[in-house]
Chemist: 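Attaching a single structure in structure tokens format; questions to follow.
Note that ligands are numbered from 1 as they come in the structure, with each ligand's atoms numbered from 1 the same way. Nothing here was measured: the structure is a model prediction, and the numbers come from that model. Side chains are part of it too, since the values below use all heavy atoms of this structure and drop only hydrogens, waters and symmetry mates.
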Amino acid sequence: MKFFVDTADVNEIRSLVETGFVDGVTTNPTLVAQSGRRFEEVIGEICELVPGPVSAEVTATDTEGMLAEGRHLAKIASNVVIKVPLTVDGLKACRILTGEGTEVNVTLCFSAAQAILCAKAGATFVSPFLGRLDDVGETGMDLVHEIVDIYNNYPDFATQILAASIRSPLHVVEAARLGADIVTLPPKVFWQLYLHPLTEKGIASFLADWEKTGQKILEN
Ligand code: E4P
């Protein structure tokens, strides 16, 4: 399973990269707005920090506009992935950009039917939004399950399942159990993956007992 991080905060990405666990990055217009910076500049810096796929989302809503924006953004770096919304125009743009050799992440996927369309349009990634489904009283993880089952029936479907809108470590674990290819993690959830109270408690008691021995592993 690959870990992408879901943020446009370059400083945050820098410290996440130091863990050695970051395989790629996803951004969206909201995250770019939160960064308060120029879109192209932010994407360029992220692409230098992370050699893996970096998703940059178009904001045009018609195919021609998405193609123009996508081609412009794809020039920033060779690892830019163009993110398009799951609409009729978005999937037309997906097919054309994919044909030009540009990787495409189809975002805002909320149904298995939509995920089938993504695969048929040749998307590199499909992003089912788990948390947002949970927010409206549906079980987001059921969608990942359905997509995994369907894609497994068709070996020619090469689209990777990128579980998005992740809200907790439990989402990560469940997505992994189901076989999602990638999860994209908000930094907060990424850091939560390390945590367990028994780990902290165990360290404290080991150190307290070690102190009693009066020993040091490295004697100066
Ligand atoms: C994915 O690519 C999106 O940027 C993201 O996961 C959206 O998550 P949210 O529902 O927490 O905004």
Chemist: Ignoring hydrogens and angles, tell me if any N or O in the side chain of Thr27 forms a donor-acceptor pair with the backbone of Val32 under 3.5 Å.
Modeler: no
Chemist: Which bit of Ser127 gets closer than 4.0 Å to ligand 1, counting heavy atoms only: side chain, backbone, both or neither?
Modeler: neither
Chemist: Do the side chains of Lys92 and Asp89 get close enough for a salt bridge, i.e. N-O under 4.0 angstrom?
Modeler: no
Chemist: According to the salt bridge (charged side-chain N to carboxylate O under 4.0 Å, His left out) rule, which pairs have a member within residues 27-51, sequence neighbours left out?
Modeler: Arg37-Glu41, Arg37-Glu45, Arg38-Glu40
Chemist: To the nearest 0.5 Å, what is the distance between OG1 on Thr102 and CG on Leu97?
Modeler: 5.5 Å
Chemist: When you compare ligand 1 with Ser165, is there at least one nitrogen or oxygen pair between them that comes in under 3.5 angstrom?
Modeler: yes
Chemist: Please confirm whether the backbone N or O of Val50 pairs with a side-chain atom of Asn79, one donor and one acceptor, at under 3.5 Å?
Modeler: yes
Chemist: So which of Thr26, Thr7, Asp134, Asn28 gets nearest to atom 4 (O) of ligand 1, if we judge by its closest heavy atom?
Modeler: Asn28
Chemist: Write out the residue and atom name of the closest protein heavy atom to atom 5 (C) of ligand 1, then the distance separating them to 0.1 Å.
Modeler: Asp6 OD2, 2.8 Å
Chemist: Out of all atoms in ligand 1, which are within 4.0 Å of some heavy atom of Ala164? Include the element for each.
Modeler: 1 (C), 6 (O)
Chemist: At what distance is the nearest protein heavy atom to atom 2 (O) of ligand 1, and which residue and atom is it?
Modeler: Lys83 NZ, 2.6 Å
Chemist: Which residue holds the protein heavy atom closest to atom 12 (O) of ligand 1, what is that atom called, and what is the gap in Å?
Modeler: Arg132 NH2, 2.7 Å
Chemist: Considering non-hydrogen atoms of the protein only, which is the closest contact for atom 11 (O) of ligand 1, and what is the distance?
Modeler: Arg167 NH2, 3.5 Å
Chemist: I'd like to check the side chain to side chain contact (heavy atoms under 4.5 Å, CB included) partners of Gln160; sequence neighbours left out, ordered by chain and number.
Modeler: Thr124, Phe125, Asp181, Ile182
Chemist: Among all protein heavy atoms, pick out the one at the shortest distance from atom 7 (C) of ligand 1; state its residue, atom name and that distance to 0.1 Å.
Modeler: Phe129 CE2, 3.6 Å
Chemist: Measure the acute angle between the ring planes of Phe190 and Tyr194, then classify it against the limits of 30° and 60° as parallel, tilted or perpendicular.
Modeler: perpendicular
